[in-house]
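Worksheet: one structure, shown below.
Any value given below was found using the heavy atoms of this structure, including those in side chains, with hydrogens, waters and symmetry copies removed.
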Amino acid sequence: MPRLRRASPVVRLRWGFVVIAMVLSVFAARLVQLQAIDPGDLAAMAADEGLQTVTLPAQRGDILDRNGELLAESADGKMIIADPLLVNTDDEGNEADRAPALARFLARRLDVDYFTVLSRLRRTDTRFQYVAREVPAAQATAVVAAAADKGFSGLSTQRDPIREYPAGDVAANLVGFLGTPDSEGVTTPLAGFELAFNGLLSGTDGTTTYSSAGGTRTPLGESTTTDAVDGQDLTTTLDRELQWYTQRVLRQTVEGSGGESGVAVVMDTRTGEVLSLADYPTYDASDPTDADSDDLGTRSLSDVYEPGSVEKVLTLSAAVDAGLVTPRTKLTVPGSLSRLGTTIHDWWEHGDLQLTLAGVLAKSSNIGTVLTADKFGNGQLRRYLKQFGLGAVTGVGVSGESAGILPSLAQWTSVTQDRIAFGQGVSVNALQMAAAVNTVANGGVYVSPSLVSGSATTDAGDTVGTGTTTTHRVISASAASQTARMMERVVDPDAGVAPGAQVAGYRVAGKTGTAQRANSDCGCYDGSFTVSFAGFAPADDPRFTVYVVVQGPTNGGGGGSVAGPAFSKIMGYALRRYAVAPTGTKASDLPVEWGTGDDS
């Protein structure tokens, strides 16, 4: 029998290299396929083989008042999720349509729609479906346990913070609210700080991806996690207690006068910090769906109106600053004034009056104000009003603020100036006007108002807050002091029109406003009014500026009788809350008339 000869070692070695090269080529080709040719298909295959990705919600930052009191917070909550495959499998592992029964159970126990849940539980292309979001933790745990007791499978929970508004309607007009979670469990901010500072508050959700088998996480399987980054807190300048009180007084004032709506502002005179910015009607941020859609915004920033006679504070202080008049300037005020085809009247009928400039303000004479404004040079009054902040947004960081209307220099005629001098033909928002009057209180220096403590950047890219406060001088300190003394005469029961705005024990400087309301439908005044009162105290060392506005009162009252008492209550509360002592000095006694023996 012939012997088999083995190949030489060299030949065998060569064949070995060939085999190894072929094997490596197969591996290389597969590697190229995995990494470059069809990664999408590969990912889909991996998902089919049991990879699950779950969102790890970031905790939304709190919204706080100036003292750290909560206006909005994220409480402990959970999402309930379902694995449709396990839901529709019986105890023996056989396919079973258990979705209808489970959907009925969940609809009874949770605030969810039966048909929406049913469609999710019947999905066959996924093993992860949201059933409910932002469920209180204890409730979510109890529902899942009860479902298991009834023999249902496939439900589980994950952390999902709940947004709560412990202050209810307090500052809801500024705080805003979140919408209902969508089909993917994502909530959208819809108003206020929640909307304007969403990026800062929301943080960044994380994810965890893991392999599973039979609906159960594989202990040693693939797992990757990107941690959530929680949102930052937003601290406001608001005083929650003062805001609560201001809202209650405003509501009583609007309802008591038969008005449509109202706003009230409380500012720290020296810093421009807004301690209260109230709207009425408003809403409960915990249940915004129960409110009228018109009440879900911030009227004090978005609604504009003609300010009426409060404007006279700006006009007359500018005239004093320009050296055109003094508080004792003598004016003869006729019963009517004809100007280029129009006739200007005062709010009360009278013959010729001998009023000082202080008397023009105390009695709120339109005619006296127009006669004073005649002394301005071309465009001079407009330049002052622009410096007072009219015609520009305050930029406090709330979406939807209106700049109002200050006619351009090209539109500025003598007739325009006559009307604007006493508060017609120009429009403002409430915070804008409060900041303008506050300029007089602050010694003639405009300080930009703030709603945020420190600084924060809105989603629009604007950095706002007390850390970005700006100031500029509008009128001299002397002109501001003289104007304040004239404003004191407005609340004097013997000289002025608003004794109801007095605050017991304190010197008060203020001004009433009663303006006809323009109707955009007819392009005319519709017979209704905007009434208001703006002022500060103590008059000789101002600490707070308060502005109250009521739209459409039907009781026949004006700024002094409707808004004046509300001003008194709010200002009195603020002074007591912050322990501001009366100055103990004598109130202004500037003469309001001349030629009658009291003009010394």
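Taking CD from E311 and CG from L316, the interatomic distance works out to 9.5 Å, rounded to the nearest 0.5 Å. With rounding to the nearest 0.5 Å, the separation of CG in N366 from CD in Q424 is 7.5 Å.
Checked by atom type, the side-chain pair T369/T372 shows no donor-acceptor distance below 3.5 Å. Judged by distance alone, the side chains of T416 and Q411 never bring a donor and an acceptor atom under 3.5 Å apart. In summary, the side chains of K511 and S364 do present a donor paired with an acceptor at a separation below 3.5 Å, with no hydrogens or angles considered. There is no side-chain donor-acceptor pair under 3.5 Å between T332 and Q354. Checking D279 against S300 by side-chain atom types alone, a donor-acceptor pair falls below 3.5 Å. No hydrogens or angles considered: a donor-acceptor pair under 3.5 Å links the side chains of T585 and D540. In the model, T269 has a side-chain atom that pairs as donor or acceptor with a side-chain atom of T545 under 3.5 Å. Looking only at atom types and distance, the side chain of T246 has a donor-acceptor partner in the side chain of S276 under 3.5 Å away. Side-chain contact check for S453 and T466: no donor-acceptor pair (N or O, by modelled atom type) lies under 3.5 Å.
With salt bridges taken as basic N to acidic carboxylate O contacts below 4.0 Å, one links R543 and D268. A salt bridge links D239 and R577; the closest N-O separation between the charged side-chain nitrogens and carboxylate oxygens is under 4.0 Å. Comment: R299 does not engage E260 in a salt bridge, judged by the lack of any side-chain N to carboxylate O separation of less than 4.0 angstrom. One finds no salt bridge joining D169 and R251 here, because no Lys/Arg side-chain nitrogen approaches an Asp/Glu carboxylate oxygen to under 4.0 Å.
In this structure, Y245 and Y573 have parallel ring planes: the angle between them is below the 30° cut-off, well short of the 60° mark.
Nearest heavy atoms, F177 versus E194: N-CG, 3.8 Å. Contact between S455 and T468 at its shortest, heavy atoms only, is CB-CG2, 4.3 Å. Y384 and V474 get closest at one heavy-atom pair: CE2-O, 3.7 Å.
Not counting sequence neighbours, R383 has no partner by the side-chain hydrogen bond (donor to acceptor under 3.5 Å, both in side chains) test.
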query = Does the side chain to side chain contact (heavy atoms under 4.5 Å, CB included) test come out yes or no for F388 and S317, once each step is laid out?
reply = CA-CA 11 Å; F388 274 115; S317 68; 3.5 Å; yes
key: L71/R240 under side chain to side chain contact (heavy atoms under 4.5 Å, CB included): CA gap, chis, key distance, verdict   = CA-CA 8 Å; L71 299 172; R240 177 170 153 170; 4.1 Å; yes
ask   = Where do D346 and S365 land on the side chain to side chain donor-acceptor pair (under 3.5 Å) test, with the steps shown first?
value = CA-CA 6 Å; D346 278 329; S365 170; 3.1 Å; yes
request  = Given side chain to side chain contact (heavy atoms under 4.5 Å, CB included), test V398 with F193 step by step and report yes or no.
outcome  = CA-CA 6 Å; V398 177; F193 293 139; 3.8 Å; yes
message = Does D374 form a side chain to side chain contact (heavy atoms under 4.5 Å, CB included) with D418? I'd like the steps, not just the answer.
response = CA-CA 8 Å; D374 284 344; D418 287 347; 4.0 Å; yes
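For D292, the CG atom sits in a packed shell: over 12 heavy atoms of surrounding residues, nucleotides or ligands are nearer than 6.0 Å. Around atom CD1 of I405, no more than 12 heavy atoms belonging to other residues, nucleotides or ligands sit under 6.0 Å away. Atom CH2 of W412 is surrounded by more than 12 heavy atoms from other residues, nucleotides or ligands within 6.0 Å.
Distance alone, capped at 3.5 Å, places no donor-acceptor pair between the R485 side chain and the D589 backbone. No donor-acceptor pair closer than 3.5 Å links the side chain of K330 to the backbone N or O of L357. Proximity of a side-chain donor or acceptor of S448 to a complementary backbone N or O of T469 within less than 3.5 Å is not detected. D321 contributes no side-chain N or O that, together with a main-chain N or O of I475, makes up a donor-acceptor pair within less than 3.5 Å.
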